[in-house]
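Note on naming: letters A, B, ... go to the chains in the order of the sequence lines (proteins, then strands), and numbering restarts at 1 for each one.
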Amino acid sequence: MLQGVAKGKGSILSSPIDLMMTILTFVFLILAMWGLLQVYVIFRIVLRPYDVGKKFIAIKLYILLHVVQGFIFGFINNQMKARGDSVSPVVQENFIKVEYLLFCMEMVAGAFLNMYVFFQASEYVDHDIVIAPAGNTSSNSKEDMHFAPSNPTSYSKLHDDDIDA
Amino acid sequence: MPSWTNRLQINTWKKHSKLLAVLGVVCAIVTSVVFGLHVYSYRRHWTQPKTQTLVLRVVSLVPVWCILGLVNIFLPYAPYQQVNVQDFKYVTQIFLDLYESFAIISFMQLIYHYLGGKEQARWKAENKTPYRILLCVMVYPGERFMTVRGFFSQYFTNQHQRVA
């Protein structure tokens, strides 16, 4: 939506059908995100040991940065056109290069963020197996085993709280 | 004929064009190496293959986006002289959005996996009490809610696939 506003007249959104489709897409996107948030709200106690909230925020942070950046650059580009400046193709080309260079830099930061903050391999080390399959009781494969956090007492307590709720 | 300010801009941009491309390549390499180390650290502790595969699918969003960004740096529109600069951006934008959808769906699968599977999640949701959000919308966790949420997620994904 922000990108559509930034691009303004003469953009791909100039046709009413395109505009309507874009609005519909974003409405469904927002509803999907809302649904995901509600699933998290409903299961927050069970999901607490897995830090799902942090992981979700990390992913949405990259997406938000991308959208905001697209809005800012689209807005500047539109302003240059509106002023009637004869922007040469070289300048325009490099304008896009700067935009996507910033995008690549954000991804570098994101890669480090994923590695050290949100998705650590250490989550899967030295944990005791306390529960066999939570969902599928018929399978005994290693893949289906659930590993508890380092403190099994607190883990089982969380599950008990959830059942009480 | 461009004005002297535009000519100055053009010269400045031409001068820095290669630098931008080099920086882009460096960023892509660093991201790929960090992602490779991340995968390696997971492979060293491959204790929960299903969970870790889903996590790696979500995390792979970063290098894939970085590489698509690099494609845009190298091909802003040069091979498409007849096409408006902004139009080519939409082509790569579709792939960016597609991968975003894939990562979000993988994340959803990860949540289901943490909960012990879809059926288990549904069963757990059935036992939750309804609650109100924003003072007006009542949410009834359970079968109906899961179906509606699934419909919207499905529509969102199909929308991007249809455009592609």
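- L56(B) does not touch chain A: none of its heavy atoms, backbone or side chain, sits under 4.5 Å away.
- Most heavy-atom pairs under 4.5 Å with chain B, from the set L113(A), I63(A), V52(A), V108(A): that is I63(A).
- With a 4.5 angstrom heavy-atom cutoff, V59(B) touches chain A via backbone and side-chain atoms both.
- With a threshold of 4.5 angstrom between heavy atoms, V58(B) approaches chain A through its backbone and through its side chain.
- Contact annotation for L47(A): only side-chain heavy atoms (C-beta onward) come within less than 4.5 Å of a heavy atom of chain B.
- Side-chain atoms of V71(B) and F95(B), non-hydrogen and from C-beta on, never get closer than 4.5 Å to each other.
- In this structure, the side chains of V62(B) and Y62(A) come closer than 4.5 Å at one or more pairs of heavy atoms.
- Between atom OG1 of residue T31(B) and atom CH2 of residue W65(B) there is a gap of 13.5 Å, rounded to the nearest 0.5 Å.
- No path of Ile, Leu, Val, Met, Phe, Trp and Tyr side chains, each step under 4.5 Å between heavy atoms, connects F43(A) with I57(A), placing them in separate hydrophobic clusters.
- Heavy atoms closer than 4.5 Å to chain B are found in the side chain of K60(A), but not in its backbone.
- If you chain together hydrophobic residues whose side chains sit under 4.5 Å apart, W46(B) and L110(B) fall into the same group.
- At a 4.5 Å heavy-atom cutoff, the contact between Y42(B) and chain A is made by backbone and side-chain atoms alike.
- Only the side chain of F103(A) comes within less than 4.5 Å of a heavy atom in chain B; its backbone stays farther off.
- When R44(B), R43(B), H38(B) are each tested for a side-chain contact (heavy atoms from CB on, under 4.5 Å) with S41(B), only one passes: H38(B).
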